[in-house]
Visitor: 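This is the structure I want to talk about, given as structure tokens.
What you are looking at is a predicted structure, and each value in this text was computed from that prediction instead of being measured.
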Amino acid sequence: MTRTSSMTQPANTPAAPAPAAVSYDFQSVEPRWQKAWDEASIFTVPDVPPADRPKYYVLEMFPYPSGQLHMGHVRNYALGDVIARYKRARGYAVLHPMGWDAFGLPAENAARERGVHPQEWTLNNIAAMRTTLQRLGFSLNWDREIATCLPDYYGKQQKLFLDFLQAGLVERRESWVNWDPVDQTVLANEQVVDGRGWRSGAPIEKKQLSQWFLKITDFAEDLLDGLKTLDRWPDRVRTMQERWIGRSEGARVRFSLHAPPHGLDTNLNAVEVFTTRPDTLFGMSFLAIAPDHPLAEWAGKQNPEAAAFIAECRRLGTSVEAVETAEKRGFDTGLRVNHPFLDQSFPVWIANFVLMDYGTGALFGCPSGDQRDLDFAHKYNLPVTPVVLPPGKDQADFAITKTAFTGDGTMINSGFLDGLSTEEARREAIARLEDMGVGNGIVNWRLRDWGVSRQRYWGCPIPVIHCESCGAVPVPDDQLPVKLPEDVTFDKPGNPLDHHPTWKHVACPKCGKPATRETDTFDTFVDSSWYFARFTAPHADTPTVRAAADGWLAVDQYIGGIEHAILHLLYARFFTRAMKKTGHLDVSEPFAGLFTQGMVSHESYKDSAGNWLYPEEVERKGDGAVKRGTEEPVTVGRVEKMSKSKRNTVAPVAIIERFGADTARWFVLSDSPPERDMEWTEAGVSGAARFAQRLFRIVRTVAQTVPAQESCPAEIAPQADALRRANHRTIAAVTEALEGFTINVAVARIHELTSALAEAEKTADLPGMAFARREAARTLCLLCAPMMPHLAEEMYAQLEPGTSMVVEQPWPEADPSLLAATQVTIAVQIMGKLRGTIEAAPDEDKDAVVARAEAEPNVARLLEGKRIVKRVHVPNRIVNFVTAG
RNA sequence: GCGAACUUGGCGGAAUGGUAGACGCAGGAGACUUAAAAUCUCCAGCCCGCAAGGGCGUGCGGGUUCGAGUCCCGCAGUUCGCACCA
């Protein structure tokens, strides 16, 4: 109770100063303008973009309806809204839709923990979050709202899947899942904690299931090449995707088993290895295979110790991270393989760091040329043969001890490769392998096909029927959508679709015999891989309408968290290609521009018992903090990403009620550059609230006391001229800042013009001042509108009564004649150190400027007795004297 | 472990290779007020100095340049991702 009292009484707060008549009353103003925009259908656009204006599609990543909007959302959508409103003012037809990524695990968790049906839980959450978004006054086209958990959406997704299936982009194959043997259920990687199920605590196992895969690897090359065209994406995201796709050139090498044991399947008589370093084959000291490799499985059947080792590896689960972070370990199978070039055999080890999903699930170990192999060799006393001599080293005293040499050099100890460069050796080794018929040069991709099957209820049903005679049969179009049954229970572990008494039992569409529905549902990443396209015609009977999709796409500006840099963005890029191939749209890339915003963080607090406290339970006292009410001391922890578990969250609803939507928006946009993390602070919000009030007062003073002017008088005072110049410089600076996404700089420039306008109140009677002040006040209304739209409308209505709304005004244009500086300050340096400044006319002649710089008293004093060897002059900026001695 | 990025006053940050610290927050001094809040004015990187001025300074160590927060190399710390969280 202590924590809500201060949050819900605006009268107690600095944001609501006593005399209501003189302050900006956001409580009544904000809903009023929201209604006005809504009634005028300002943010509505047609499915096919209008021909009279250029189109602009702004999209923020749609939220998961967790229940409450959080500050991260506010920041994300405020950022998008700035762009949407700015582009609208620049004359674009702006598509700015909103929807819900509504399938997913949390709804099922809520069902199991609290007995709420996932649908009820989700729809309630959506309703609550929608209300909050609407109170924030975002310029969203709500007619286009979609929720992925409604059949209207996921039914179209089923159609897409069937089209992909028809086009050969879908495959069914075996793959591994995390299996909780106690709960008898499949676990997500995040539900596996230290190798144990999060609920049962039982050690998990890997289990193989037959699953659906989308063949994203068919587009590996195109997805890689396409990155080059994405010049409005952050470089780091492109780099990350490039690495993720992971094109590498190397060789496939067949190692035949030395003395294959009796009874071994002939398929297993040789092990295929992928390597990017065929040049180092002579440095081989072992062959390592993945624990899931067929030969390892065979070894497990022969030898209980091998089986035990494999079982242990499987307890690491399916996450690559867990596998790679685990201590590197191996098991010698006793099998040996022949070296292709040497008359020698090498041991075959099962190693826990070899991934079945990459390459061929086997590698040859060259300890001298790979650090991981070297560590492994040291651990198991395997030989280390140096094969690459680093440039400038002498073979006689070169040895590999603790560090492998991974660079290029000259080949040694390598038979026919000796003396060649690394690059030559690579080519020669491949040529020799090809001649011998035991290998060949290939391009390998790190990217794997996308497994989309999930053994869960709250997702889009996969529209396939399994028939004993006909196999996997697609659900016919006229039976779509395959709807989720609502009458399910969560009292048993596992997938409720599987337990449902009737749902899965259907007749085979082909032969009519009894068959069963696929009970797996899609990965929720599928839902979010095409929603941007659905937004262009959200109510259509087909997944897309070509004129709408082709007209609006690509998304001109996509905005969301950096955490989606790889998976979501790559899947959406893949879907775009697959949808193009199946005729659903005709663009190559979904997102022409991408911006990744940072997180919202906050101090964290703990009481003396070590319990986390919410910010509103804590009161700052000097350097420390105490618990509100009890005065009990509180430990102030580090600033961290807002999270429920640390309780360092601030609820947007509480902030809107206390300070208003504009203040919340202004604050999340003010200080930090949008791509970086920002810290939410009490002081910061109240500062933003103070600014909103101040701006309102200053503009209202102009509206009430300065008579409207037709045009600028011919003769104006220097102060008025200065204000006009500040005004136009601000227009130019804010425009540039918004174009470049440096919204915090735009905010700073608006602060400056506000101060300049306030300052001008003192010289109100000077000639031209009335015009200049009205001009600046109007500019401020227009420039702050993308960030604080309600305040902007309210100020504008006072300043220009009877005219249309700010939201209908064009963006202001800076007058170039008022942008040029009348005088410049030039820094004067000696040997790069600042020693004074001089004033100069813009573009003043070099000789005159340098002469005056040299004569500047402090500069002259320091130059005395020194010989000037060079005079550097950068026009309008700097003079630098380089002295000798 | 692998991949990617980030690091500037007390704090958030600004800065086409050209006067580091714009703008804001917190702080100090003052004005207004019976008082407080609100508002307004001024100060403010650190060190030395009455001042003029000087020294140091953009995570750490090197390099390129007349000149480096900015470019290059190495290191440290922090953050994000790692394919079934969204």
Side-chain angles (χ1 to χ4, degrees), chain A residues 14 17-19 22-23 61 63-64 66 101 103-106 177-178 186-192 216 234-237 239-244 246 317-328 353 357 372 446-456 523-525 528 561-568 570-571 596 598-599 639 641 670-673 675-679 681 683-684 686-688 690-691 693-694 697 742 744-745 747-752 755 758 825-837 858 861 869-872 874 876-883:
Chain A
V22 298
S23 76
M61 290 178 185
Y64 179 78
S66 57
D101 190 10
F103 275 136
L105 272 180
V177 294
N178 299 310
V186 176
L187 299 179
N189 281 338
E190 77 156 9
Q191 297 174 318
V192 177
I216 188 170
D235 284 343
R236 58 167 164 161
V237 175
T239 316
M240 280 192 265
Q241 292 218 348
E242 196 181 312
R243 299 287 168 112
W244 186 263
T318 58
S319 106
V320 173
E321 187 192 358
V323 170
E324 301 237 340
T325 347
E327 189 195 345
K328 308 290 174 280
F353 58 86
D357 292 320
R372 200 161 55 176
R446 191 177 161 277
L447 184 67
R448 312 198 303 250
D449 278 332
W450 175 15
V452 291
S453 299
R454 298 292 181 270
Q455 296 69 42
R456 313 196 191 290
D523 177 5
T524 55
F525 268 127
S528 54
I562 185 70
E563 66 274 18
H564 294 293
I566 298 179
L567 291 180
H568 161 60
L570 196 60
Y571 291 150
T596 54
M599 298 177 309
V639 175
K641 174 185 178 175
S670 328
D671 276 2
S672 299
E675 72 276 11
R676 277 211 230 164
D677 291 353
M678 70 157 293
E679 187 189 347
T681 60
S686 13
R690 273 203 305 276
F691 177 74
Q693 295 291 341
R694 177 165 183 249
R697 277 197 311 274
T742 48
N744 55 322
V745 179
V747 166
R749 298 288 95 88
I750 290 171
H751 271 286
E752 281 170 344
S755 294
T825 305
I826 292 180
V828 184
Q829 302 180 332
I830 298 171
M831 298 297 281
K833 273 189 191 295
L834 182 72
R835 296 303 177 187
T837 59
N858 197 43
R861 180 176 69 85
V869 296
K870 196 172 173 187
R871 293 168 172 84
V872 180
V874 180
N876 301 325
R877 296 221 172 246
I878 214 161
V879 172
N880 187 17
F881 296 104
V882 184
T883 57

Visitor: Is the phosphate of A83(B), meaning OP1 or OP2, less than 4.0 Å from a side-chain N or O of N189(A)?
Guide: yes

Visitor: With no hydrogens and no angle check, is any side-chain donor or acceptor of D677(A) less than 3.5 Å from a backbone partner on M599(A)?
Guide: yes

Visitor: T837(A) near the nucleic acid: base, sugar-phosphate alone, or nothing, with a heavy-atom cut-off under 4.0 Å?
Guide: base

Visitor: Looking across every strand, which nucleic acid part, if any, lies under 4.0 Å from H568(A) by heavy atom: base, sugar-phosphate, or nothing?
Guide: nothing

Visitor: Could you check whether any side-chain N or O of R446(A) sits under 3.5 Å from a backbone N or O of W244(A), counting only pairs where one atom can act as donor and the other as acceptor?
Guide: yes

Visitor: Respond yes when some side-chain nitrogen or oxygen of R676(A) is under 4.0 Å from OP1 or OP2 of A14(B), and no when none is.
Guide: yes

Visitor: Looking across every strand, which nucleic acid part, if any, lies under 4.0 Å from A565(A) by heavy atom: base, sugar-phosphate, or nothing?
Guide: nothing

Visitor: Under 4.0 Å, counting only non-hydrogen atoms across every strand here, what does D101(A) touch: a base, just sugar-phosphate, or nothing?
Guide: sugar-phosphate

Visitor: V186(A) near the nucleic acid: base, sugar-phosphate alone, or nothing, with a heavy-atom cut-off under 4.0 Å?
Guide: base

Visitor: Is the phosphate of A83(B), meaning OP1 or OP2, less than 4.0 Å from a side-chain N or O of R448(A)?
Guide: no

Visitor: Pick base, sugar-phosphate or nothing for P63(A), based on heavy-atom distances below 4.0 Å to the nucleic acid.
Guide: nothing

Visitor: May I ask which nucleotide in the shown strands pairs with G61(B), Watson-Crick or G-U wobble, both distances under 3.5 Å?
Guide: C73(B)

Visitor: Do R690(A) and A38(B) share a donor-acceptor pair, side chain to base, under 3.5 Å?
Guide: no

Visitor: Please evaluate the base of U19(B) for a donor-acceptor partner in the side chain of R835(A) within a cut-off of under 3.5 Å?
Guide: no

Visitor: Base, sugar-phosphate, or nothing: which does R372(A) touch, judged by heavy atoms less than 4.0 Å apart?
Guide: nothing

Visitor: Indicate, with a heavy-atom threshold strictly under 4.0 Å, whether R446(A) touches base, sugar-phosphate, or nothing.
Guide: base

